[in-house]
Amino acid sequence: MPHDLPKAYDPSAIEQRWAEYWVREKLFHVETPAQGSTQPTFTITLPPPNVTGRLHMGHMLNQTEMDIVVRWHRMRGFLTMWLPGTDHAGIATQMMVERQLAAEGKNRRDIGREAFIARVWDWREHYGGAILEQMKRLGVSVDWSREYFTMDERMSRAVREAFVRLYEQDLIYRGKYIVNWCPRCITAVSDLEVVHEDTPGKIWEIRYPVVGSKDEYIVVATTRPETMLGDTAVAVNSADERYRHLHGKRVLLPLMNREIPIITDDILANPEFGTGAVKVTPSHDPNDFEAGLRNDLPQIEVMNETAQMNENAGPYQGLDRFGARQKVVEDLEGGGFLVGVKDYVVPLGTCSRCGTIIEPRLSTQWFVKIKPLAERAIEVVQKGEIKFVPENYAKTYFEWMLNIHDWCISRQLWWGHRIPAWHCKECSEIIVSRDTPAKCKKCGGPLEQDNDVLDTWFSSGLLPCSALGWPDDTPDLHAFYPTTLLITGFDILFFWVARMVMMNCHFMRGFKNGDVPFRDVYIHSLVRDAERQKMSKTKGNVVDPIEIIEKYGTDAVRFTLAAMAAPGTDIAFSESRTESYRAFANKIWNAARFLFMNVDRAQQAGLWSLNEFKSSHNKGLPQHGTSYNVLGSGKSGAGLGIQGFQAETLEDRWILSRFNRVAQEIHDALQNYRFHEAAHVVYHFFWGEYCDWYLELIKPRLAADDRGQARAAYNNLIGIFEGALRMLSPFMPFITEELWHAAYDGAPPAKSIALVAYPAADPAQINADAETEMAILQDLIVSVRNIRAELKVEPKQKLPIEIHTGSDIRSLIERNRSAVERLANVDGVAFVEQSLAKAAGARSTARFDVRVIYERKVDVAAERDRLSKELARLTQELTRATGQLNNESFLAKAPANVVEGLKKRRAEVVVLIEKIRAALDELEGGAAAAS
RNA sequence: GGGCGGUUAGCUCAGCUGGUUAGAGCGCCUGCCUUACAAGCAGGAGGUCGCAGGUUCGAGUCCUGCACUGCCCACCA
């Protein structure tokens, strides 16, 4: 029997099965729509994980958010396409394979470029799919048929095309400049790949003797004394009086005994700093490099590619840069050139990949002239064509775009897109071409392709247009470009998001649907550990999502992340929270058990059959891919409210109203990427309203022998449940899929809950009166439970109660008398004329007094305590409310509903205070009498 | 050096455009194995919203200053 569920929910028993089912059945594959299709599309690009990657919590958060939005849109009737892929991750992947080689005692040069690249492909074949397999476990509803890899031939073609076009447009140039150089990776890296960190260091002050003068010298300061070996000038500010008499003279470079000129240059931003004179090393410092060009200075390189001193370093040749530093300082001291050493904090740049200290190095590289691209990228955000959420990220984005430097795109690696440029061996002509040229077009000489590869972000920056077919004019581009949304972390805002905007806007300029790559960018927060520490391997506090999933189930982890994902704040991931959402999954599971148990019983008794439900509810659950109205805007369409619901009782009207209101709230929340709000709302609805109240209220009707009564009850019970499953499905796809199939007895109206309509609010099913009435009943029931707890009544003992109230509420209670009796454990309800405010074992609310009839004495002290506190609170409230209501300008300026509300509340407070005073008097009197 | 954020219950966090009684989960206390669920049920305690001013009829919410704290960006020797 399909309805025979185990008592406790075991995620591991179902998740694997559904994850495989979704992939196998290609449920999330979409065909490219024909041009002119009117179905609105929703497209999102997965930020491609590195092939070397392993799933971490950041991925899981990112993918959970995307999957929620994606499933939600799909269920609302959008043609929804989620584009997956992986990134070849230049340095990272190359390092992996180099490590393998090292284990065999080889390095990449031993086996040669071609063999090495073959090894990388081989590695990717074996290990590169790991992260995608992990993704499948998360239940992500991506279109696997569209999966790409950034080194695929079609992606490579796009890369070549982009490079050639930029080159032809004079936006790519090659030249010898100072770049950030990693001596361990032996490659240039971009500014973004350098991590600056304030590090305690030293600053050395060195004396350079003036040539032709006996004892005059200039003192310069440096944090990198070893570079002095390559100095070619000393610069002073032209306006600096101290050095005016030295203009045009020369100094003798200590240790090297080379004469170098004293130049005037505005390289010194602040002449007040230090000595006002600075050594100039054009080959080893970006500022000095510029100064060198301005002043036509020679460039002397004193280090090689691994940051060891070279032949230009004289006696220091062969030392590494740190050894050289030590030796240089010693020798300066010995020669009497060292004036002083001070502690100094230097913003040391390290390689983001391997942590090695970056060396500014003169080398020939390829650059993208970035400012022209940045202009459009700034404009599209300014004009709102791209919107950031939270919007303050736009500011960070502008800040970076406005101060952008040219992008060094060449890397001295082997794994990556080789630069489509060829050098003539004869005449050194450079040919940039889409296809491999046969010979030099200038002199006919033999050619050799440029050895460098492109920065990984060059290819990912071409997403999403490249994955949709650019440079060809493809149906996919027309159907899905611009994409709707990008969800990613702020850590790759510049690396990736900014580059995508620049490159896509450039290449897609003039495209009929717009040139921007996406309309919205939702930037999510960082997932930290429970102590708010950044997760890092070195700290050893990395939470492995797969481990957590195995412990609590995917749905619980997804729900945790969603519930904590308030925009703009980091997430402190704590297992206790996940534990509570596992409990939530269990709650859903057990609600289903309860339902199915009753349904089976009703079917056997011939009271009701599931077919009745199927026939009334199947209508309007659209099959995927058919065109229908997009839901959620209050328009008619499938998914609106609960169809076939028979609102006969108060609890029916109430739960139906609540369901619709919640549908609206979820819609509003998700529309604004307020995942946490949506999660809380649905959680509270299912647990706090449907389970805690509706199920309890409906129980007697399920057990009734009356066929008519039972039919409506079963119908409604299942109706709301099925609706709630659809509502929960984007957040918890696994358990909802399982139970949804079971609810239909294994014969659901679609292949998956993911392919039926998401609940949308039907205004006609919202009933404010029912919600108010229900609130009063709940208030009454809770009050009675409360009194009973205070009187320490045996849980099983039923007691009579008395109620004092007006006729409307009396009628309401009478109509729902049995519910009150059952849920509050009451045996008989009597309505009395006199106020019960003074009565023992009583509670007063603004709408009613209720008393539990029980002989045991109340705990006078505790009761007095409670009442006094309550009185103090209410008195304070009354003072405030009265003050406001006596205030002319409040009455004049505050909106009418606020004034009305306050008046009403004040009246209530007045009544309550009276009642509490009376109760307290009575208590004092009683206590006095007893003593 | 520039820029951005945070500071609300014992803990982790919500509180959107200022509006009636500041919420949740966990933890804590009391009582319940009530045949859907002990991963549960019922009830409860716990907050002068970092500090000081200001704007407003009204401030956790807006403004200023301060304190503490986190992050991003940065070629000043």
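Proteins come first, then strands; the chains are lettered A, B, ... in the order of their sequence lines, and each starts at number 1. The shown structure was predicted, so the numbers you read here are calculated from the model rather than taken from an experiment.
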Presence of [X] side-chain N/O under 4.0 Å of [N] phosphate oxygens OP1/OP2:
X: A:Lys699; N: B:A36; value: yes
X: A:Lys587; N: B:C37; value: no
X: A:Arg582; N: B:A39; value: no

Distance check needed: [N] [atom2] versus [X] [atom1], whole Å only.
X: A:Glu193; N: B:C73; atom1: CD; atom2: C1'; result: 16 Å
X: A:Phe686; N: B:A36; atom1: CZ; atom2: C1'; result: 11 Å
X: A:Asp779; N: B:G43; atom1: CG; atom2: C1'; result: 15 Å
X: A:Phe398; N: B:G3; atom1: CZ; atom2: C1'; result: 15 Å
X: A:Phe594; N: B:C37; atom1: CZ; atom2: C1'; result: 11 Å
X: A:Tyr393; N: B:G3; atom1: OH; atom2: P; result: 18 Å
X: A:Leu697; N: B:A36; atom1: CG; atom2: P; result: 15 Å
X: A:Leu402; N: B:C72; atom1: CG; atom2: P; result: 21 Å

Of all the nucleotides listed ([options]), which has the minimum atom distance to the side chain of [X]?
X: A:Lys395; options: B:A36, B:C72, B:G3; result: B:G3
X: A:Leu695; options: B:C75, B:A36, B:C41; result: B:A36
X: A:Phe490; options: B:C71, B:C73, B:U21; result: B:C71
X: A:Arg674; options: B:C37, B:C16, B:A42; result: B:C16
X: A:Glu877; options: B:U20, B:G43, B:A74; result: B:U20

Between the side chain of [X] and the main-chain N/O of [Y], is any donor-acceptor distance below 3.5 Å?
X: A:Trp589; Y: A:Pro6; result: yes
X: A:Tyr208; Y: A:Val234; result: no
X: A:Asp285; Y: A:Val280; result: no
X: A:Arg294; Y: A:Phe289; result: no
X: A:Arg822; Y: A:Glu696; result: yes
X: A:Asp406; Y: A:Phe367; result: no

Extract from the structure each pairing of a protein N or O with an N or O of nucleotides 44-47 of chain B at less than 3.5 Å, listing the distance.
from, atom 1, to, atom 2, distance (Å)
B:G44, OP1, A:Asn786, ND2, 2.5
B:G46, OP1, A:Lys869, NZ, 3.0

Can you list everything that forms a salt bridge (charged side-chain N to carboxylate O under 4.0 Å, His left out) with [X]? Sequence neighbours excluded, please.
X: A:Lys342; answer: A:Glu205
X: A:Arg674; answer: A:Glu677
X: A:Glu877; answer: A:Arg905
X: A:Glu399; answer: none

Provide the distance between the two [atom1] atoms, one in [N] and one in [M], to the nearest whole Å.
N: B:G1; M: B:C62; atom1: C1'; answer: 30 Å
N: B:U61; M: B:G23; atom1: C1'; answer: 15 Å
N: B:C37; M: B:A42; atom1: C1'; answer: 15 Å
N: B:C16; M: B:U7; atom1: P; answer: 11 Å
N: B:G70; M: B:U8; atom1: P; answer: 15 Å
N: B:G6; M: B:G60; atom1: C1'; answer: 14 Å
N: B:C41; M: B:U17; atom1: C1'; answer: 40 Å

With a 4.0 Å cut-off on heavy atoms, is [X] in touch with a base, just the backbone sugar-phosphate, or nothing at all?
X: A:Asn403; result: nothing
X: A:Gln671; result: nothing
X: A:His196; result: sugar-phosphate
X: A:Arg788; result: nothing
X: A:Lys7; result: sugar-phosphate
X: A:Trp204; result: nothing

With a 3.5 Å cut-off and no angle check, do the side chains of [X] and [Y] form a donor-acceptor pair?
X: A:Thr879; Y: A:Gln876; result: no
X: A:Asp555; Y: A:Tyr581; result: no
X: A:Thr227; Y: A:Lys279; result: yes

Looking at the rings of A:Phe675 and A:Tyr522, which for Trp means the six-membered one, are their centres under 6.0 Å apart?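 That pair passes the under 6.0 Å test.
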Counting the benzene-type ring for Trp, do A:Tyr393 and A:Phe388 have ring centres under 6.0 Å apart?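 Ring centroids of A:Tyr393 and A:Phe388 are no less than 6.0 Å from each other.
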hbond_proxy A:Arg905 side chain to B:U21 base (donor-acceptor, 3.5 Å cutoff):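 Checked by distance alone, the answer is yes.
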What stems show up for RNA chain B when you take Watson-Crick pairs (N1-N3 plus N6-O4 or O6-N4) and G-U wobbles (N1-O2, O6-N3), both under 3.5 Å, and require three or more consecutive pairs?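 RNA chain B stems, ordered by first number: B:1-7 with B:67-73, B:10-13 with B:23-26, B:28-32 with B:40-44, B:50-54 with B:62-66.
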Distances under 3.5 Å between nitrogen or oxygen atoms of protein and nucleotides 55-59 of chain B:
from, atom 1, to, atom 2, distance (Å)
B:C57, OP1, A:Lys893, NZ, 2.1
B:C57, O4', A:Ser889, OG, 2.8
B:C57, O2', A:Asn887, ND2, 2.9

Listed by chain and number, what are the side chain to side chain donor-acceptor pair (under 3.5 Å) partners of [X], not counting sequence neighbours?
X: A:Asp668; result: A:Gln664
X: A:Glu290; result: none
X: A:Asn598; result: A:Arg601

Interface polar pairs with nucleotides 24-33 of chain B, N/O, under 3.5 angstrom:
from, atom 1, to, atom 2, distance (Å)
B:G25, O2', A:Ser580, OG, 3.2

Search all heavy atoms of A:Arg224 against all heavy atoms of A:Pro360 and return the closest pair with its distance.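 Residues A:Arg224 and A:Pro360, closest heavy atoms: NH1-CD, 3.4 Å.
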N/O contacts under 3.5 Å, protein versus nucleotides 7-9 of chain B?
none

Nearest-nucleotide 5' precedence on RNA chain B, A:Glu399 against A:Val898: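 Per heavy-atom nearest nucleotide, the more 5' residue is A:Glu399.
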